[in-house]
Amino acid sequence: MRVLCVAEKNSIAKSVASILGGGQVKRRDTKSKYIKNYDFTFDFGGYIGTAQVTMTSVSGHLTEASFPSEYNSWSSVPQDILFDARIVTSVSKNANVLADNIKKEARNATYLYIWTDCDREGEHIGMEITNVAKISNPRIHVIRADFNNLEKRHIIQASKRPRELSKDAADAVSARIELDFRLGAIFTRLQTLQLQRAFEVLQNKVISYGPCQFPTLGFVVDRWQRVEDFVPENFWSLKLVDKRERQTVNFSWKRNRVYDRLAAILFLENCLDAKIAKVVKVNKKPAKRYKPIPLSTVELTKMGPKYLRLSSKKTLELAESLYTNGFVSYPRTETDQFDAGMDLQGIIGKLAPSEDWGTYAQGLLDGNYRTPRKGKHNDRAHPPIHPINLVHRSALSSQDHWKVYELITRRFLACCSENAIGAETIVDLQMGDEFFSQKGLVILERNYLDVYPYDKWTGTGQLPVYQVNEEFIPNVLNITDSVTTSPSYLTEPELISLMDANGIGTDATMADHIEKVQEREYVIKRKKRGAATEFVPSSLGIALAKGYDEIGLEWSLTKPFLRKEMEDQLKNIEKGQLDRDALVQMTLTQFRDVFHLTKQRFDCLKNSCRLYLIELNEG
DNA sequence: GCAAGGTC
């Protein structure tokens, strides 16, 4: 009996082989330097029993979609033909050696045991592997492992309880692949050809459309528009100052601000008439600053730009490099909760010899350890990102590698710590009919803050003593006038939050889309004052967004709704509630209308480009 | 020369 096991990536193949094979695993090289074949014997029990096992892997998707070559010419093929042109699915160039490996290893196997990640893409990759294996062995039996972590007991259990691949999940992915491919090609060709023809400055540019890149651009343009539309407004506020015990206490007005000067004067007069302020409430309560939740990919890609001066893309790349070198766990995960079974203190133990956070880690082991908080996500495939091994900064290839490793490690230690604890005093005053209040915060125990410099919690200090019902005459009582400040342009973490909330891209691809809109010169990253960066749309980016708005589609292509709707429907396919072909046809019908209207009203895009690329640029 | 999603 021979069983061929295939995982989504080498790291899983290696781990699973070492669990199932015990110490008796033989490693064979393949023609790919990333992929190995692992041979061992294992008793699967049940109908398979003891078998000779080869465990190998692919490296993500094996195949890619393309049109037959007669559709290659942009200029001679009308774009709308691509709505129903045949799509050829073939093994992608760099996956050929992997496909050959599977064909060869499948030849003498009775079972093909799929060990891809248990998510939607993993089911599809499983189908791709199946199709390739059946070329050399049409009779091979296909089963699939149901696993969501690499704990020994769990993996052994999964090996004895296979299930079938989910056709529904794979169908959802295949719908996504077809739609993204067709629509990307159709609208990219349309926009590029028409705009290149009309504008000299665009002649060498590809004006791509993508269902993720366009909404990404849209978010940047929306914020830019809000900044453009901003009109400063005057507002007025009451200021009440009390001086006692050599402290100056600024009370803030409960109404915060009013936009009418006369109103402010009336409120002030009401206070002045009362002459004295009365303490109506003194509330002392414990205050807490919660430690962070375990680190997911989305959160990591936000922290890079925010705290490390690295782009989201670069942050993820560095984390991947740390992962392949065995320093941190798998960096592409939605999970922000640790499974109860994980030995977190064991990891802390490995971190304890460090000269950077060793003392802190030892403190956790000596009694300060607290169970991490749980976030709301669990992809049932990977744990939150955490350190695997201690590494010295001199052993890493760059300072940036160290910055990311340090962030992941400090985040992990913070997760295993106690919340920061403080004491808060809130004093409420009444003067006439108006109310004022001030808060004093004293930090009592910093706890996780000691190892986690990315969080700041600054105490405002102790307030002087106030007694309830005490009355006093304020030292200062007057009106302040100010002007509202403009919103700021979108930052990278804000953009990622918007993409995340609207289902644009996946955790691992958001950074790519952000990179892509810059590469296409739709969006420009620029430095704010200080270290931070912000995104502004280019003239071309604005022109595209405005132009599509003008066309008057029900949902503009630069808005996130279309993608969000598609995501929801993919979930329905996954649940078996919607047919794959039905969704594809429905969506293509919808986009045929979008295409014809866009083509018919293409002048909107041209006019918009003329305005933003030429006229406004000349001024 | 087109997309987005895996992965190294």
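Here is the naming used below: chain letters follow the sequence lines, and residue numbers restart at 1 for every chain. Source: prediction; values computed, not measured.
Where DNA chain B meets chain A (any atom under 4.0 Å from a heavy atom), the bounding nucleotides read 5' to 3' are B:dG1 to B:dC8.
As judged by a 4.0 angstrom heavy-atom cut-off over every strand, A:Arg563 is placed among residues touching the sugar-phosphate backbone only. Here A:Glu128 lies out of heavy-atom contact (under 4.0 Å) with every strand. Using a 4.0 Å heavy-atom distance criterion, A:Ala65 is classed as a base contact. Residue-level contact check: A:Thr188 touches the backbone only, with heavy atoms under 4.0 Å from sugar-phosphate atoms and none from bases. Across all strands shown, A:Asp512 has no heavy atoms under 4.0 Å from either base or sugar-phosphate atoms. Residue A:His124 is classed as having no contact, given no heavy-atom separation below 4.0 Å to the nucleic acid.
Among A:Leu318, A:Ile388, A:Ile385, the single residue meeting the side-chain contact (heavy atoms from CB on, under 4.5 Å) criterion with A:Ile408 is A:Ile385. Only one option out of A:Tyr323, A:Phe327, A:Tyr330, A:Phe338 pairs with A:His386 in a ring pair (Phe, Tyr, Trp, His ring centres under 6.0 Å); it is A:Phe338.
In this structure, A:Thr509 and A:Ile35 both approach DNA chain B, and ranking their closest nucleotides by distance from the 5' end singles out A:Thr509. Ranked by how close their nearest DNA chain B nucleotide is to the 5' end, A:Gln203 and A:Thr63 are led by A:Gln203.
Proximity of a side-chain donor or acceptor of A:Glu8 to a complementary backbone N or O of A:Thr116 within less than 3.5 Å is not detected.
The side chain to side chain donor-acceptor pair (under 3.5 Å) search around A:His382 returns A:Asp117, not counting sequence neighbours.
Side-chain contact of A:Lys302 with A:Ser497: a donor-acceptor pair under 3.5 Å is present, judged by distance alone.
Within residues 327-337 of chain A, the residues approached by DNA chain B to less than 4.0 Å at the level of any non-hydrogen atom are A:Tyr330, A:Arg332, in residue-number order.
The minimum heavy-atom distance between A:Ser174 and A:Arg580, with the atom names listed, is OG-NE, 2.6 Å.
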side-chain hydrogen bond (donor to acceptor under 3.5 Å, both in side chains) between A:Glu128 and A:Thr63, intermediate numbers included: CA-CA 7 Å; A:Glu128 295 174 63; A:Thr63 61; 2.8 Å; yes

A:Glu574 vs A:Arg120, salt bridge (Lys or Arg N to Asp or Glu O under 4.0 Å): CA-CA, chis, key distance, verdict: CA-CA 8 Å; A:Glu574 215 177 335; A:Arg120 195 204 276 169; 3.2 Å; yes

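In this structure, A:Arg592 forms a cation-pi arrangement with A:Phe83, its terminal cationic atom sitting closer than 6.0 Å to the ring centre and no more than 45° off the ring axis.
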